[in-house]
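As structure tokens, the structure follows; a few thoughts come after it.
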Amino acid sequence: MESLTLSDVEQKYYSDLFVYCDTDNTKKVASNGRVLDLFRAAQLPSEVVLQITELCGATRLGHFGRSQFYIALRLIAVAQAGLPLRVESLNSVKDLPLPRFVVGKNEAEAKHAALYQDTDSQGLYPAPGAALIPRPPGRGHQNKKGPPSSASLPVHEVVQPQAPSIEPQPEPTSPVVSPHQSPPTSPASWRKHKRQHSGGNAERQPVAASAGAVWTHFREPQSVPVTGDGMWSSHSPPPPSQESWVSFTADTPPSSTLPAMHPSSVQESTTIRTLASAATTNEIQRQSSAYDDPWKITDEQRQYYINQFKTIQPDLTGFIPGSAAKEFFTKSKLPILELSHIWELSDFDKDGALTLDEFCAAFHLVVARKNGYDLPEKLPESLMPKLIDLDDSAEVPEPAADVGFSSSPVEVTTNKSPSMPSLNQAWPEMNQSNEQWETFSERSSSSQTLTQFDSNIAPADPDTAIVHPVPIRMTPSKIHMQEMELKRTGSEHNHPTSPLLAKPPELPEETAIKFVAANTVGEGYSSSDSFTSDQEPITRQRSQSGTSPEALKVVAPPPPPPRPHPSHSRSSSLDMNRTFAATSASGQPQASAIAYPPAVPPRPLPTQTSVPLSGHRVEAEGVAGSGAGLTTTSPQQIPQQPNFADFSQFKAFAASEQPVSLQEGDKHSEGGQGEKSLEVAAPLRSVKSDGPADERPAASVSSCKVSSGPLAPPPKPIRRRLKSEDELRPEDEQHGPQKSNVTAAVLAAQPSIPRSVGKDKKAIQASIRRNKETNTVLARLNSELQQQLKDLLEERISLEVQLEQLRPFSHL
Amino acid sequence: WRVGIAVIAKENYPLYIRSVASQSELKFHYTVHTSLDVVEEKISAVGKSLGDQRELYLGLLYPTEDYKVYGYVTNSKVKFVIVVDSSNTSLRDNEIRSMFRKLHNSFTDVMCNPFHNPGDPIQSKAFDGIVSGMMVQTG
């Protein structure tokens, strides 16, 4: 046999195991059966086991001698560590963890816990026979070693070996097969047990050696050595859960209320249970080690809670009313104040009733409190109401199920490993929002209950303070923004309080709605249909929407700033302003930003006359100069040739609200200025208009943009016009009448310069026509806007009055 | 900074009184007690919405004191009283109202607790937390 060097720990461990397997007490040979059992418990594939057996020489020998056994154990450790099985690895691998053997799982833990309940001194370990009885106390003692290096050993949890008390040996690390019997006792002992696992383990070995009989006795039921020290020690959380378990109710199988351990009778069952629990616990601990959350509810616990819930409220998706919950929790004998606090923490939605989740959280808190844990200040995340994943709970055999909540707090015996990761950790705390439930349902739920939850919780929720986010509601869905607006406007139109709305939606408050403005205005205009036809519907709507709301809210805020801006861009904005200002000053004070270009010699003043008529005037004048618009713009631009700018200016005006008026004016002046005016390039149009020198393209409003040839196709000019109209619109409100005036003025101002003749004439005429139309439209718009303005003002006043009336008296 | 907050039951005995430590508690308690009269007066006077928040203004109290006492009554005749220092002029009516609203909500939560018997002093940590927050909150 290859030489095998074992560390001390290993030595002890191995010898312990050997002894364990040495059922015949030969001290030489380990019984095959037991050895094989042990190997199986190592959870290695059978081939590996075979290989190990072969490697260690047992096959050769036919039996497991001590050395073979040790080698086998080593190999097991190697295999468990994931390393290939090689003879060489026996000694080469350093720091090999001790081989792990798993005990069959079951809720050994619960039993474990139950078993461990009790006083520390108790030893929890049902001493096999009287002999052990004395030990428990000692054991408990020994268990008190701190979690030593065993932590490093990936050992299974060892249910505290009864042995330790037998021989107080400090060796903490060796995990040994320890008799798991843990008497169903108080959690406290459990806790201690945990801490001292390692210590206990250590002791076990020697104990085992010395008290072979005892050992074996204990061991018998056990199949595997379990050392959970490391695990336990690493888990502080477990205590609460297990203990808590205990605190409550009647325990079950281990019938534990016995603080004292009761050996024999209990032993068998307990040992088995403990083994099972130990095994489970180990695993769970291992798993949960990652989750070190003291407040996690283990599956067993949760199942227990669920059962308790059922006793009060059979419908798992229903609520437990506060009064019933109060009685229930009062049984736990906690002070009312603490119960009150627990309630505060657990009643997540503050509805005075507990849902299953809330109930579990509350129960868990009670249990924790009973075990000496202080209540948290706020609900731990793991306890937040979340869906119960019954799937998981199904996996773990129920130990706690047995426990019933009796009127007297009896310690719960079963308990699971402490921090079995709560299944629903993933779920955000949450209230019982529908979303949560919904998501839950999406998951494959094993139990019907889940779906029930889903379906029931939702409706049950309505009363909860926390409302699941069901948006709905509201009004204008973005999709239907416009529609809404339309409706709104429509409604608003009808709205009694907004008389203005009744008016043609002309207040195109929204700047964006230039077209709208134009359209709105255009609505009334049949003549302008050409322009508006396109955008009319939309723009109209927009304008409507714009206006209606605006009408309501914005009583008087002038629509978008004077369009001059756009026009300014092209033409000398300053000029425009100036001109507008001038015009306004001269004529209508209203915001006709459209400064009437002072430079415009002809008809600057018609604008002053104001209003609708101006439109006509404009028209007339417009006709005069197709380039009127341009000219108007030009006047604004002034510095440049007023005439030239006509068209562009006109457009510019249109763009900038005033342009209309200007346009009109320009129109008047227009003449052949179109081109030049174009050149002048009133803001918008100038560019275009400039381009095609002689074209007066739509000098009027739209013409500006028409940079196309002289005859700027009507559509363009139209569009332009519309645009300008739109632009004007917003401004129109402010300018109201002014607009028309301005336009008129502008038009008037426009020097009708019969520019290009010949083909120009046509263009000019066309533009004139267009300008006229535009003028008309604008004029109407102007008037309408002014009317709207007035209405709005009235409305505003009325609203203010209402406000005054409604305003509650601030003081008594 | 607040001087204190008190919750008085329908029968005019205190359910909860909390004041800033710096203040002499006795004075605070006295102030609250005297303010109850004014509250009663207002309750009876104003027939309409009892839930209205009322204010007890400086003038009502001991004139030399620089306190402003605000009152609030719930539909169940439970009164909340907030006493603040007059020097804390930054406090606005709205803020006081919101404070009362918060108090009322917390109070409701406390009442919902089945373990709490109406008429018992309020021993809820959540309530305490809210009150502390409000007391710390500056004007």
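All values reported here derive from a predicted model rather than from experimental measurement. Note that these values count all heavy atoms, side chains included, but never hydrogens, waters or copies made by symmetry. Naming convention: chains lettered A, B, ... in sequence-line order (proteins, then strands); numbering from 1 in each chain.
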Original post:
Among A:Ser340, A:Gly322, A:Ala353, who wins on heavy-atom pairs under 4.5 Å with chain B?
Top reply: A:Ser340

Original post:
Do A:Lys331 and A:Glu327 meet the salt-bridge criterion of a basic N to acidic O distance under 4.0 Å?
Top reply: no

**OP:** Specify which of A:Leu337, A:Ile336, A:Leu339 makes the most heavy-atom pairs with chain B at under 4.5 Å.
**Re:** A:Leu339

**OP:** Compute the centroid of each ring, for B:Phe107 and then for B:Phe80, and state whether the two points are separated by less than 6.0 Å.
**Re:** yes

**OP:** Identify, with sequence neighbours excluded, every residue that meets ring-ring contact (aromatic ring centres under 6.0 Å, His included) alongside A:Phe359.
**Re:** A:Phe309, A:Phe328, A:Phe329, A:Phe363

Original post:
Side chain, backbone, both or neither: which part of B:Asn117 has an atom under 4.5 Å from a heavy atom of chain A?
Top reply: side chain

Original post:
Does any pair with a residue in residues 120-133 of chain B pass salt bridge (charged side-chain N to carboxylate O under 4.0 Å, His left out), and if so which ones, sequence neighbours excluded?
Top reply: A:Glu377-B:Lys125, B:Arg18-B:Asp128

